[in-house]
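Within every chain, numbering begins at 1; the chains are lettered A, B, ... in the order of the sequence lines, protein sequences first and strands thereafter. Note: hydrogens, waters and symmetry copies are ignored here, and every other heavy atom, side chains too, is used.
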2 protein chains.
Amino acid sequence: MAKINAHYSKLSGNYIFGEVADRAKVRKSTLPLISLGVGDITLPLPAACVSALIDAAKEMGDPLSYKGYGPPFGYDFLREAISQHDYNGKIAPDEIIISDGAKCDISNIQEIFCTQNRVALADPTYPVYIDTTVMAGRTRPRLKNGRYGGVTYLSCTEENGFRPRPPREHCDLVYLCSPNNPTGVAMDRELLAEWVAYAKKEGAILIYDGAYEAYIRSKDAPHSIYEIKGAEEVAIEIRSFSKSAGFTGLRLSYSVFPHALKVFDCGREHSLNALWKRRHETKYGGTPYAAQRAGAALYTPEGKKQLQAVVQTYSDNALLLRKGLQNLGLTVYGGIDAPYIWCKAPAHLTDWEFFDILLNKAAILSIPGSEFGSSGSGFLRMSAFAPRPSIEEALQRLRSAL
Amino acid sequence: MAKINAHYSKLSGNYIFGEVADRAKVRKSTLPLISLGVGDITLPLPAACVSALIDAAKEMGDPLSYKGYGPPFGYDFLREAISQHDYNGKIAPDEIIISDGAKCDISNIQEIFCTQNRVALADPTYPVYIDTTVMAGRTRPRLKNGRYGGVTYLSCTEENGFRPRPPREHCDLVYLCSPNNPTGVAMDRELLAEWVAYAKKEGAILIYDGAYEAYIRSKDAPHSIYEIKGAEEVAIEIRSFSKSAGFTGLRLSYSVFPHALKVFDCGREHSLNALWKRRHETKYGGTPYAAQRAGAALYTPEGKKQLQAVVQTYSDNALLLRKGLQNLGLTVYGGIDAPYIWCKAPAHLTDWEFFDILLNKAAILSIPGSEFGSSGSGFLRMSAFAPRPSIEEALQRLRSAL
């Protein structure tokens, strides 16, 4: 009799946000819903990407230029553009592996490691880190507080400014997300250096999720973990085109596996770059040519300008939302280096109660912080990806509702 | 200290065909190379798909019609078209889950099962089945003959017409590929019924890879495993647009998880449809909107005609190659229901020796059967995806060389 992966039964019901969607359906307000919930984009693709997609489609229809299987790790034209523009040539094209979404790489990366490895992750956290850790059998069952046994949680609280420091205990794989989803806070250079030192001391690997890198404005927040000396020996960096250029429906991302990143195990040294390539080539069919062409278009002068305009729009939204909420007397974090606001519920309310007030009095959809982990209780995540008029309207409604 | 997935070290060197490529580089013939090797397409995308891609690109650039995250299991327009056209409405849209390649689903599907499950697969086999079984830790180390311990190999030989029957022993997960890669032979109704009966008796799950379904011509070869009574209780079916419509560089596939497909484990019944959806939603970001539009375009009257023309071209190539090789006195299998020819090496030659003769005397690239498993020894796989003039030229060269 075939048996299922029993670790799946440790998971809580749905992937995420099921309860949020259910409550939105039965909200009391008759106003049209303003969604500051799931972080999906609301601006169209930049024109340079649209042109590239159309050109690629035409190439695919021409017997002289159609493309079949692409190079398994991505086309050189894209890997070279990333190397040059995102890393100033300090990361080689061969260290960059193209994929169809940070989410996939973030979760699939666990496959190349031993299932006994101990995982550390933030609380609150992007749910994919913990759910895939559970699915892979790297946790014990779920506890009453929603946490899982066998995992090291890095609490992100007002006390530590939502910037978790390395734990005292040993961990093997550490998920770090900066700028952070859901808190909207970026780590600074000093803290990242502490993490790199921890990884070196413990022989740990940092899985550095830089999906929101384009939103960094603070000078002391590195754009890449590789700005920290020695990070190339301990860190994988994952980047996405989803939240910067609006590729959530087009799917393009990349992961950096420096050649210096090695693990000594079973009596010899293993290159994680080589291990990941073996996994990628065997289990993945490659990223569509057209998506890679659209990505490369963002590195042209025209594309860069258009990308910048998109990011600026969402960044401005975030600042507007942040200030507006502060003016209402609310305590607010994030929104400076990220398109997310981490808004504290007034003292007498839980996050779900505050969520319900926003939903039922103002038809504003947010996400209760406890959906991201127990340390998220008492906060709401609000997304700045909504259109500008919606953000303005939301603030106006809140002025009446609160 | 982080530890690696030690199962990776059981794998043989590269993914596949490394040696084939190396020998091609140092071939003795000065003729231009004709590749009948890796099964990549050589015709451009059908015009209906190109139009759909261009329309989708324009939609993505328009604030009124851009698409962000799609529905996690695929757009209804595509799932409904598949339900209606590929399954005559007998499989519901909700049982169809869209993905970006059969290769991904074939390998990722293992995640929802217990690692102790015993896998059965053909020998010779599509390398992804065995490599991902090794990576997941479902085998013992590699033996001298290239096989792995702990796996049930289903030998496909001339004696059984390359149609393996169920084994006497118990297995939990059975990979079946029909029409088969690499042998090019399709299973008939009677044999598939035996497999469904075996799965029911053993509580096994059939992972039925129908990537080459479009090439079936034999009347007794079912186009879908669900033509067999009761198969919906034991089988997952995986289909691809790669080899029919030439989507190898565009990436689109789907998997069917019937609601009737259940596993009783840990004291209760589990729906594999639900388990796979949980996996897909958590670890996968969705298939690009444009690729789904291109796929749906193949179900329009115009698209159907264009698809048929592509398949007919490759099918005709296969028959031409088959007959041409037979006329040279060679023993040949496959090529009737699949775009692959399984050509027996002359009695005194190994497959690698025969491969070298073709390569060095005629500059024809094939793939030695032993690359697909020990039972593939003595055969070459030749792909009919090459352009017609290349197939004709190859036959002409062989007439001089052999």
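With a 4.5 angstrom heavy-atom cutoff, His7(B) does not touch chain A via any of its atoms. Residue Asn5(B) touches chain A through both its backbone and its side chain, counting heavy-atom pairs closer than 4.5 Å. In this structure, no portion of Gln116(B) lies under 4.5 Å from any heavy atom of chain A. Ser253(B) does not touch chain A: none of its heavy atoms, backbone or side chain, sits under 4.5 Å away. Only the backbone of Leu43(B) comes within less than 4.5 Å of a heavy atom of chain A; no side-chain atom from C-beta onward does. No part of Glu59(A) comes within reach of chain B, as not one of its non-hydrogen atoms sits under 4.5 angstrom from that chain. For Tyr289(B), the parts lying near chain A are the backbone and the side chain together; criterion is any non-hydrogen pair under 4.5 Å. Contacts between Met60(B) and chain A at a heavy-atom distance below 4.5 Å involve backbone atoms as well as side-chain atoms. With a threshold of 4.5 angstrom between heavy atoms, Cys104(B) approaches chain A through its backbone and through its side chain. Within the 4.5 angstrom heavy-atom criterion, atoms from both the backbone and the side chain of Arg279(B) approach chain A.
Relative orientation of the Tyr129(A) and Tyr175(A) rings is parallel, given thresholds of 30° and 60° on the angle between their planes. Relative orientation of the Tyr284(A) and His280(A) rings is tilted, given thresholds of 30° and 60° on the angle between their planes.
Across every non-hydrogen atom of Ile238(A) and Ser255(A), the tightest pair is CG1-OG, 3.4 Å. Between Val310(A) and Pro46(A), the closest heavy-atom pair is CG2-CG, 4.4 Å. Scanning all heavy atoms of the two residues, the minimum distance from Tyr254(B) to Ile98(B) falls at CB-CD1, 4.0 Å. Closest non-hydrogen pair, Thr42(B) versus Ala386(B), comes out as OG1-C, 3.7 Å. Nearest heavy atom pair, residue Thr282(A) against residue Met135(B), reads OG1-CE, 3.5 Å. Considering all non-hydrogen atoms of both residues, Ala309(A) and Thr313(A) come closest at O-OG1, 2.8 Å.
A donor-acceptor distance shorter than 3.5 angstrom exists from the side chain of Gln306(A) to the backbone of Ala48(A), with no hydrogens or angles considered. Between the side chain of Arg268(A) and the backbone N or O of Asp265(A), no donor-acceptor pair lies under 3.5 Å.
Taken from CZ in Arg293(A) to OH in Tyr75(A), the straight-line distance is 8.5 Å, to the nearest 0.5 Å. In this structure, the separation between CZ on Arg251(B) and OG1 on Thr287(B) is 10.5 Å, given to the nearest 0.5 Å.
Contacts with chain A were tallied for Leu272(B), Asn117(B), Val50(B); Asn117(B) has the most, counting heavy-atom pairs under 4.5 Å. Of all the listed residues (Ile106(A), Leu275(A), Asp55(A)), the one sharing the greatest number of non-hydrogen pairs under 4.5 Å with chain B is Leu275(A). The candidate with the highest count of non-hydrogen atom pairs below 4.5 Å against chain B, out of Ala57(A), Ser9(A), Ala2(A), is Ala2(A). The candidate from Gly286(B), Ser242(B), Ala47(B) with the greatest count of non-hydrogen atom pairs under 4.5 Å with chain A is Gly286(B). Per-residue heavy-atom pair counts under 4.5 Å with chain A were compared for Ala136(B), Gly285(B), Ala290(B), and the maximum is reached by Gly285(B). Chain B forms the most heavy-atom pairs under 4.5 Å with one residue out of Ala52(A), Gly203(A), Cys114(A), and that residue is Cys114(A). Comparing Leu173(B), Ile205(B), Asp100(B) by heavy-atom pairs within less than 4.5 Å of chain A, the highest count is held by Asp100(B). In terms of heavy-atom pairs under 4.5 Å with chain B, the best-connected choice from Ile112(A), Leu250(A), Val263(A), Thr132(A) is Ile112(A).
Contacts between residues 61-69 of chain A and chain B, counted as heavy-atom pairs separated by less than 4.5 Å, involve Gly61(A), Asp62(A), Pro63(A), Tyr66(A), Lys67(A), Gly68(A), Tyr69(A).
Atom NZ of Lys58(A) has 12 or fewer heavy atoms from other residues, nucleotides or ligands within 6.0 Å.
Of the listed residues (Asp172(B), Thr139(B), Thr152(B)), just one forms a side chain to side chain donor-acceptor pair (under 3.5 Å) with Arg118(B), and that residue is Thr152(B).
Relative to the ring axis of Phe73(A), Lys277(A) places its NZ or CZ within 45° and under 6.0 Å from the centre.
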